[in-house]
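Single-structure report; data block below.
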Amino acid sequence: NMSRKFCVGGNWKMNGDQKSIAEIAKTLSSAALDPNTEVVIGCPAIYLMYARNLLPCELGLAGQNAYKVAKGAFTGEISPAMLKDIGADWVILGHSERRAIFGESDALIAEKAEHALAEGLKVIACIGETLEEREAGKTNEVVARQMCAYAQKIKDWKNVVVAYEPVWAIGTGKTATPDQAQEVHAFLRQWLSDNISKEVSASLRIQYGGSVTAANAKELAKKPDIDGFLVGGASLKPEFVDIINARQ
Ligand code: PEP
């Protein structure tokens, strides 16, 4: 749908060093990036300032996590205020790795989203079902539960992008087919219409994530309810440029 600006996020996860980040920045700086795509780079917190100085200024920069309060005795955590202070304008929240490895609950993630938005960050709010949940026929139920948790805390959706990332497709090379992804995106669009508003349903961008590559991005990008991608592995490679340009 052309009324929603295509939005592609790169999630570097816990990868990269000064040398490789400089190389990625050079690739992105010299490439012709589709001006109709909004691009956001999710960089390890410790390199955000470094990446900000090297990346083209029209690219957004995201933390990959942030705590639910501005400051205090929370050893090891970073706050949305800190992300803003060093030039990040986005944060990725609720990634399946945060949920599965670090035990983050729907409720904590929603509180983090509420606070990040209040601090003026834009949020990529991740959701997605596991393989076990999909095979049990629970995909819609799971993504609805995750959306419901966000909706209890998010009152204004204008600075939110939802990333639908089936867990079985993340880092596995098993991409959802365009039809499989579209089916869930359409369900989410309807859920938003029924539970939030028609306006939010029409305007909120829903990214697909899970083994997106230059080879499969174009077909996925044709689907009416897929408004961009959240890209892990391929965002570290030159092919990320082709994913950004998938609508061309
Ligand atoms: C991700 O980390 O959000 C992701 C989708 O990873 P990958 O593209 O490597 O599957």
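When a ligand or atom number is given, it counts from 1 through the structure's own listing order. Small disclaimer: the values here were computed from a predicted structure and weren't measured.
With a 4.0 Å heavy-atom cut-off, ligand 1 is reached by the backbone of A169 but not by any atom from C-beta on.
Heavy atoms of C126 stay at 4.0 angstrom or farther from ligand 1. For the pair S211 and ligand 1, a heavy-atom separation below 4.0 Å is found.
Looking at G233 next to ligand 1, an N or O pair under 3.5 Å apart turns up. Residue contacts with ligand 1: G232 is placed with a nitrogen or oxygen under 3.5 Å of a nitrogen or oxygen of the ligand (distance criterion only). For ligand 1, the polar-atom distance check finds an N/O of N11 within less than 3.5 Å of one of the ligand's N/O atoms.
Near G210, meaning under 4.0 Å from one of its heavy atoms, ligand 1 places the atoms 5 (C), 10 (O). Heavy-atom contacts of G171 reach the following atoms of ligand 1: 7 (P), 9 (O), 10 (O) (cutoff under 4.0 Å).
Note that OG of S79 and NE2 of H115 are 6.0 Å apart. Values are rounded to the nearest 0.5 Å. In this structure, I154 CD1 and E114 CD are separated by 8.5 Å, a value rounded to the nearest 0.5 Å. Atom CZ of F6 and atom CZ of R205 lie 11.0 Å apart (nearest 0.5 Å).
Sorted by first and then second residue, the side chain to side chain donor-acceptor pair (under 3.5 Å) pairs with a member in residues 238-248 form an empty list; sequence neighbours excluded.
A distance-only check finds no donor-acceptor pair linking the side chain of Q146 to the backbone of D106 [under 3.5 Å].
Of the protein's non-hydrogen atoms, the one nearest atom 1 (C) of ligand 1 is H95 NE2, 3.2 Å.
The heavy-atom pair separating L230 from C126 by the smallest distance is CD2-SG, 3.9 Å.
Considering Q64, Q207, E165 only, the shortest heavy-atom separation from atom 3 (O) of ligand 1 involves E165.
Contact annotation: the side chain of P166 approaches that of Y208 to within less than 4.5 Å [non-hydrogen atoms, C-beta and beyond].
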